[in-house]
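Structure record follows, encoded as structure tokens.
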Amino acid sequence: MFSGENKKSEGVNKMKVKMKQTLGIVLSVALVFSSAACSFQKEDPKEQKKFDEFLEEQFIDSVEEDSLSLHFYVKNPEDFGIKEPEADVGSYSYDELKKSVEECKEVQKELKTFKYKALSKEQQITYDTLVAFLETQTKYEGYEYYQNPFSYSSGIPTNLVTNFTEFRIESEEDIKLYLALLDDVDDLMEDLIAFAKEQSKKGLFMPDFAVDATVEQMKKSVIDAKENALVLVFNSKVDKVEGLSKEQKEEYKKAGEQKMNEVVIPAYKKLADELEGLKGTGKNEEGICKFEKGKEFYEILAKDKTSSNMSVKEMIEMTEDAMEQSLKEMQTLIVSNQDLISVYMDNFESVSLPVNQPKEMLDYLNEHSEEYFPKVSDTNYSVEALHKSLETDNILAYFLEPPVDDNSDNIIKFNETASKKGKVNFYQTIAHEGYPGHLYQSIYTDDKKTPYIRKLINFLGCSEGWAMYAESYATLLAGMDEDVAELINLNTKLNYAISARVDLGVNYEGWDLKKLEEYMTNLGLDSSMAKELFESVVEEPASILPYSLGYLQIEELKEEAQDQLGKKFDEKEFNKVLLDTGNTRFDIVEKQVEAYIKETK
């Protein structure tokens with residue numbers, strides 16, 4: 001079934017900076033193209049209707065597999081003919097992975113029966129997207145234990161906390177479901193313990209420093225939290241539910257705290273203890289390429305995370321070219337405008353922004369984005385700070401996408417501590433998550449009535465590439481000096497390219513810590529930060545690639561369109577092509593851009 005990058009919490013899926021592993025099951029399907037897909041046919045309304053029905057069936061089959069997914073994706077299940085399943089937070093095991101493969105093979109067989117040329121243009125894009133997704137995921141077969149569901153910033157334990165804190169509670173039924181889901185947490189933790197032990201037996205368990213980071217985060221957010229965010233957030237939501245007496249609310253809050261103390265915290269503590277007990281069994285404390293077949297796994301992972309068909313060597317070349325170009329352009333700017341030296345040296349803190357508060361930033365960007373992007377429907381949105389116990393160093397913010405059948409409430413959560421470390425960076429982050437980034441793209445997708453199934457399959461390189469691309473416009477819209485705006489964008493591009501190059505170096509080329517220190521020194525960077533960076537890319541291989549290489553691929557397509565069209569190039573029209581294509585693999589995006597160039601010439 002379709003559950004690629006788990007979207008039970010968009011805190012998992014739409015984050016600024018180094019994110020994420022999956023809680024969802026990796027799909028793996030052998031894809032064989034039928035001759036029907038290549039034959040010449042005219043559009044056929046009957047075939048198109050049949051395809052739409054197929055897409056809706058796949059969406060329903062996927063979201064009704066567990067009640068937690070259903071609750072996040074769909075506000076009114078009865079409108080889809082969905083019967084609420086028993087409370088279930090999901091499971092994670094080798095057997096589940098294999099079962100998912102078999103289910104997806106059945107879906108793949110159905111997909112092959114459609115006549116490609118009979119579909120509309122938009123349906124063909126969706127068809128190609130499903131094919132690309134399945135084609136990518138099939139390559140993971142045999143690498144199940146190379147996955148790391150324990151990552152401290154994006155693994156299942158962390159994601160589950162986000163799922164519960166972001167759980168929508170608007171009725172008594174929602175409260176009852178939430179409480180029932182808490183009862184299922186211990187089963188999921190037992191799954192993870194069994195999986196970790198199998199990883200250990202196979203010599204694929206994570207290094208000790210990764211265990212320490214994971215356990216520390218579990219203790220901070222759940223086990224030893226002085227103020228348990230899960231309890232506090234649940235209580236505040238219960239208080240807002242209408243139709244309940246004060247006594248009923250107090251009873252539900254008491255039940256929530258009891259289940260937290262008797263089920264959730266013990267389950268997390270047991271997992272933490274078991275993980276610590278496995279310390280010393282990890283056979284590799286360096287890049288994933290040091291595992292047997294690890295290099296092959298990273299090649300698959302890197303293509304998946306970048307939504308591309310590029311080889312890793314091509315990715316290395318792209319990041320190095322971006323670094324060289326960015327440095328040259330920054331030097332040229334500074335030579336021509338000496339005032340930029342002080343602006344750069346104080347981390348752009350002297351730069352004046354038109355607004356300074358999170359909600360004001362979002363309002364401002366919403367109002368001014370129409371200069372470069374198509375107008376979208378008006379919607380409600382809010383910006384809220386994360387609870388302190390849920391903050392992690394490498395999560396700046398996330399966008400919580402609303403249910404597919406009700407997009408009236410859009411929420412961005414941000415790391416308040418991190419937001420104080422640079423106002424320009426925070427402004428860019430709001431643009432990344434909001435307008436014209438993830439929130440804007442989500443509204444545009446809804447306005448187009450894109451099939452719901454595409455909400456379930458995420459091409460992270462494409463979606464994060466878009467959000468990084470959106471950041472580059474945010475500085476232009478801020479009304480600051482053009483040279484300063486360009487310097488900020490070049491600096492952002494350079495930093496992400498360097499981070500991506502380090503990830504590629506450590507996890508594909510086998511750089512050790514000493515090699516990384518030398519590399520950073522040669523770039524004129526502070527090598528004292530090498531250990532932290534090294535451990536970060538070892539813990540979550542390829543996590544930074546979607547941001548850098550996703551953005552660079554969009555930039556490359558834009559430059560090609562500009563070169564081909566010259567004065568005929570229209571920035572807003574080009575951005576519309578990207579938005580109309582949606583999140584998919586970049587060869588599919590490229591095909592649409594090529595068609596746009598051909599039609600415009």
Side-chain angles (χ1 to χ4, degrees), residues 1-7 20-34 58 61-62 65-66 90-112 127-151 154-156 191-192 194-206 283-284 287-312 315 453 456-461 507-508 540-543 545-546 584-585 587:
M1 314 308 280
F2 298 96
S3 58
E5 296 291 337
N6 176 44
K7 300 179 83 171
K20 92 153 226 341
Q21 286 288 80
T22 67
L23 180 111
I25 294 172
V26 174
L27 307 182
S28 176
V29 178
L31 201 58
V32 180
F33 294 98
S34 66
Q58 293 311 310
D61 286 347
S62 297
E65 284 190 339
D66 69 80
S91 56
Y92 195 93
S93 69
Y94 179 83
D95 288 342
E96 286 291 336
L97 299 179
K98 302 303 289 185
K99 178 184 175 183
S100 180
V101 169
E102 296 307 313
E103 290 177 343
C104 289
K105 285 180 180 178
E106 294 303 314
V107 176
Q108 176 265 334
K109 288 177 183 177
E110 288 188 68
L111 185 61
K112 291 191 299 176
Y127 184 100
D128 290 341
T129 298
L130 297 182
V131 167
F133 177 76
L134 296 170
E135 185 181 65
T136 298
Q137 299 304 319
T138 189
K139 296 173 184 175
Y140 281 113
E141 191 166 20
Y143 293 97
E144 290 82 3
Y145 287 108
Y146 288 76
Q147 306 282 339
N148 179 16
F150 307 104
S151 164
S154 61
I156 294 174
D191 283 351
L192 293 175
F195 192 83
K197 289 179 177 178
E198 284 300 312
Q199 281 187 313
S200 177
K201 289 178 183 177
K202 296 178 181 298
L204 295 171
F205 189 63
M206 57 183 161
K283 305 298 183 184
N284 175 27
I288 202 163
C289 62
K290 295 297 181 72
F291 285 120
E292 183 180 356
K293 296 177 66 177
K295 194 169 187 176
E296 291 84 351
F297 172 72
Y298 185 77
E299 289 174 333
I300 297 165
L301 187 65
K303 286 186 177 183
D304 186 8
K305 296 295 186 182
T306 59
S307 307
S308 77
N309 284 321
M310 287 191 293
S311 68
V312 177
M315 295 178 196
I453 192 67
L456 303 191
I457 53 175
N458 186 34
F459 289 82
L460 205 59
N507 286 302
Y508 186 75
E540 292 195 79
S543 63
L545 301 188
T584 188
R585 201 168 61 191
D587 58 309

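None of the values given here were measured: they were computed from a predicted structure.
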What's the spacing between [X] [atom1] and [Y] [atom2] if we round to 0.5 Å?
| X | Y | atom1 | atom2 | result |
| --- | --- | --- | --- | --- |
| Leu460 | Ser543 | CG | OG | 9.5 Å |
| Phe195 | Asp95 | CZ | CG | 11.0 Å |
| Tyr298 | Leu545 | OH | CG | 4.5 Å |
| Glu540 | Leu301 | CD | CG | 10.5 Å |
| Arg585 | Phe459 | CZ | CZ | 7.0 Å |
| Gln199 | Tyr94 | CD | OH | 13.5 Å |

Taking the six-membered ring for Trp and the full ring for Phe, Tyr or His, determine whether the centres of Phe291 and Phe297 are under 6.0 Å apart. no
Could you pull out the closest heavy-atom pair between [X] and [Y], with the gap in Å?
| X | Y | value |
| --- | --- | --- |
| Tyr127 | Lys112 | OH-CA, 4.3 Å |
| Gln147 | Tyr92 | CB-OH, 3.8 Å |
| Ser308 | Thr306 | OG-OG1, 2.8 Å |
| Ser307 | Gly461 | OG-N, 3.0 Å |
| Val312 | Ala302 | CG2-CB, 4.3 Å |

I want to check something: taking the side chain as every heavy atom from C-beta on, are [X] and [Y] in contact at a cut-off of under 4.5 Å?
| X | Y | value |
| --- | --- | --- |
| Lys98 | Glu144 | yes |
| Phe150 | Met206 | yes |
| Leu130 | Val107 | no |
| Ile156 | Leu192 | yes |
| Met315 | Lys303 | yes |
| Tyr140 | Asp304 | yes |

Does [Y] offer a backbone N or O that forms a donor-acceptor pair with the side chain of [X] under 3.5 Å?
| X | Y | value |
| --- | --- | --- |
| Thr136 | Ala132 | yes |
| Asp191 | Ser93 | no |
| Thr138 | Leu134 | no |

Would Thr129 and Ile457 satisfy side-chain contact (heavy atoms from CB on, under 4.5 Å), going step by step from the backbone distance to the final call? CA-CA 9 Å; Thr129 298; Ile457 53 175; 4.0 Å; yes
